[in-house]
**Student:** 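Below is one structure. I have some questions about it.
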There are 2 protein chains.
Amino acid sequence: MNLNKYNQIYQSLSSDIVEGKYEAGEILPSEHKLLESFGVSRETVRKALNLLQENGYIQKMKGKGSVIIYNPSMNLTVSHLISFKEVQEQQEKIYTTKVYSLEKIPAEECPNVQVSLNLSDQTPIWQLIRQRLYEDKTHIIDTDYFMYDMMPGLTEEIAAGSIYEYIEERLGHKISYSQKEITFSPMTELDIELFGPVQPPYTAKVKSVVHLSDATPFQYNVSKHLASEFKFVDFSRRFTGE
Amino acid sequence: MNLNKYNQIYQSLSSDIVEGKYEAGEILPSEHKLLESFGVSRETVRKALNLLQENGYIQKMKGKGSVIIYNPSMNLTVSHLISFKEVQEQQEKIYTTKVYSLEKIPAEECPNVQVSLNLSDQTPIWQLIRQRLYEDKTHIIDTDYFMYDMMPGLTEEIAAGSIYEYIEERLGHKISYSQKEITFSPMTELDIELFGPVQPPYTAKVKSVVHLSDATPFQYNVSKHLASEFKFVDFSRRFTGE
DNA sequence: CAGTGGTCTAGACCACCTC
DNA sequence: AGGTGGTCTAGACCACTGT
């Protein structure tokens, strides 16, 4: 997959950087050298370099070149949309996923969800509650809502694995973008039941609405973390233009 | 400023969207129509459209067109690097800034800062602590560290206004990117002194290292918010490529 | 001055969607 | 078939950086 050239160049250069072939502070070969070695036009190299810059690998400087700014110590959760399973693989921490409940309910029971996913009262939706455990202790509680009609074949077994994998590979949908919201909120009774008695009785709550590439909102997710353990890392640029 | 064409087109289209000339769900004119009406080449229009997509205004769809996905209700703090003053202007909430302290100290007194800004022991740095007040109540405590040599003329008056404005307009530096980290932590004694006794005694701590466009780290900032009031909004895409 | 990245163009071919 | 966006090219001119 991803057969286009600039993506291949991006992959190639980003893995070189991650593997340490270039170190922070070094200058990447110039665009001219890169277009020669990859045998492509300049704009194609530039697309790859722009991706590297947007994702925090390099900083381009007019007249000088592209400096590597990637630092292995910076967590690579660059505020991108990745599934829990992917985060886990990056961090090499092994969590267990336990399905607490999977139910089919009418949309009207969750007004927030109904509004965000733009559904009528009686539209059936899945409500899925999962615990993420590390050494038998719950660290994250994930509550998801999906349109039932979009995935009538959902089972507890699938939910225990990667839902994203199921949606993208089995159902062939493309996940595209999301809006997240991070807040700090007091634990509910269910939170206390699943997390156990911890201090402070607060969670870091990450609410997100995930959209497919045709812009339909299809997932409403609430991910609650133990507040004391939560950390969100983000790489951002001042102006996307210029 | 920003004299290039694709930025002008981006500005033009994004303000049209924000002002409601196009509503969520509508389709933007096709690239062909846009290149005619703006009198530019296709790649130039496409650069503007890519900016709109990256910033969460539109979703492009092959074969169909560019759908407006911008929703005025979604907070426009799209995880970009903007100064406190800019956030304030967007939100139309009027905070007062009060300088609590401005001191020149050697870097070794703050090991975290020293490492992040890459300084030797004796390098002098500014330590600036500011309160952001709304109706006489402190809502945010900003602690900043800057290299002293980069801005020897810093005064409390300047610090009470916009430091970014000072750096960009007066000193002519370009602020480029930052790495943020959001955590929730118990209040320190200083926090309690400035925030007063609030429940829960926790803050949302946003730590960031800000870099100039030549990749030098120049600011270390810790922004503490009352946890119960904190909300971070983020727009993100799954793959930056494709 | 030569080398770097930034912008812009005109044209080509492709894949996708709708009619 | 005709319209849409996605990729790619070859070449041009500019602004910035170093020597």
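Throughout, a chain's letter reflects where its sequence line sits, starting with A, and its residues are numbered from 1. Here the structure is a predicted model, which is why all the values come from computation and not from measurement. FYI, side chains are in, hydrogens and waters are out, and symmetry mates aren't considered; it's all heavy atoms of this structure.
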**Student:** Taking the minimum atom-to-atom distance to the side chain of A:S66, which one of C:dT9, C:dG5, C:dC8 wins?
**Tutor:** C:dG5
**Student:** Using whole Å, what does the distance between atom C1' of nucleotide C:dC14 and atom NZ of A:K5 come to?
**Tutor:**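 Result: 13 Å.
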**Student:** Calculate the interatomic distance between B:L49 atom CG and D:dT4 atom P; express it in whole Å.
**Tutor:**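 After rounding, the reported distance stands at 13 Å.
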**Student:** State, to 0.1 Å, how close B:M61 and A:S213 come at their nearest heavy-atom pair, and which atoms those are.
**Tutor:** CG-O, 3.3 Å
**Student:** Give a yes/no answer on whether the side chain of A:K60 brings an N or O atom under 4.0 Å of OP1 or OP2 in C:dG6.
**Tutor:**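 True: A:K60 side-chain N/O within range (under 4.0 Å) of C:dG6 OP1/OP2.
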**Student:** Which atom names give the shortest non-hydrogen contact between B:G153 and B:I158, and what distance separates them?
**Tutor:**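 Looks like O-CD1, 3.7 Å.
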**Student:** Provide, to the nearest angstrom, the distance between the CD1 atom belonging to B:I9 and the C1' atom belonging to C:dC8.
**Tutor:**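 It is 11 Å, rounded to the nearest whole Å.
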**Student:** Can you pull out the residues from residues 23-40 of chain A that lie within a 4.0 Å heavy-atom distance of DNA chain C?
**Tutor:**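 Residues of residues 23-40 of chain A that come under 4.0 Å of DNA chain C are, in numerical order, A:S30, A:E31.
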**Student:** Rounding to a whole Å, what distance do you find between A:M61:CE and C:dG5:P?
**Tutor:**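 So the two atoms are 10 Å apart, to the nearest Å.
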**Student:** Taking the side chain of B:E43 as heavy atoms from C-beta outward, which of D:dT7, D:dG11, C:dA15 is closest to it?
**Tutor:**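 Among D:dT7, D:dG11, C:dA15, the one nearest the side chain of B:E43 is D:dT7.
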**Student:** Check this for me, if you would: do B:R130 and B:D144 make a salt bridge, where the nitrogen-to-carboxylate-oxygen distance has to be below 4.0 angstrom?
**Tutor:** yes
**Student:** For residues 16-25 of chain B, which side-chain N or O atoms pair as donor and acceptor with protein atoms under 3.5 Å away, sequence neighbours left out?
**Tutor:**
none

**Student:** Could you tell me the separation between the CG atom of A:N7 and the C1' atom of D:dT7, rounded to a whole number of Å?
**Tutor:**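 My rounded result for the distance is 11 Å.
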**Student:** Dot-bracket for DNA chain C, please. Rules: Watson-Crick or G-U, both distances under 3.5 Å, ( ) within the strand, [ ] when a pair crosses earlier ones, | for another strand, . otherwise.
**Tutor:** .|||||||||||||||||.
**Student:** So, is A:K62 near the phosphate of C:dT7, with a side-chain N or O under 4.0 Å from OP1 or OP2?
**Tutor:** no
**Student:** Taking only side-chain N and O atoms of A:Y6, does any of them lie within less than 4.0 angstrom of OP1 or OP2 on D:dT7?
**Tutor:**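 So the side chain of A:Y6 is within the cut-off, an N or O lying under 4.0 Å from OP1 or OP2 of D:dT7.
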**Student:** Between A:K64 and B:K64, which residue's closest nucleotide on DNA chain D lies nearer the 5′ terminus?
**Tutor:** B:K64
**Student:** Just verifying a value: how many Å separate A:I167 CD1 and A:F218 CZ, rounded to the nearest 0.5 Å?
**Tutor:** 3.5 Å
**Student:** Look at the side-chain N and O atoms of A:R46 and state whether any lies under 4.0 Å from the OP1 or OP2 oxygen of C:dG6.
**Tutor:** yes
**Student:** Between A:R237 (side chain) and A:Q53 (backbone), is there a donor-acceptor pair under 3.5 Å?
**Tutor:**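 Judged by distance alone, yes, a pair lies under 3.5 Å.
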**Student:** Students often mix this up, so state it plainly: with edges at 30° and 60°, are the rings of B:Y148 and B:W126 parallel, tilted or perpendicular?
**Tutor:**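 It falls in the tilted class, 30° to 60°.
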**Student:** Roughly how many Å is it from OH in A:Y10 to P in D:dT7, rounded to a whole number?
**Tutor:**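 Value for this atom pair: 15 Å.
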**Student:** For A:K60, look at atom NZ and say whether over 12 heavy atoms of other residues, nucleotides or ligands are found less than 6.0 Å away.
**Tutor:** yes
**Student:** Assign the ring pair A:F235 / B:Y177 to parallel, tilted or perpendicular, where the plane angle (0 to 90°) is split at 30° and 60°.
**Tutor:**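 A:F235 and B:Y177: tilted rings.
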**Student:** Just the rounded figure in Å: distance from P of D:dG6 to NZ of A:K47.
**Tutor:** 10 Å
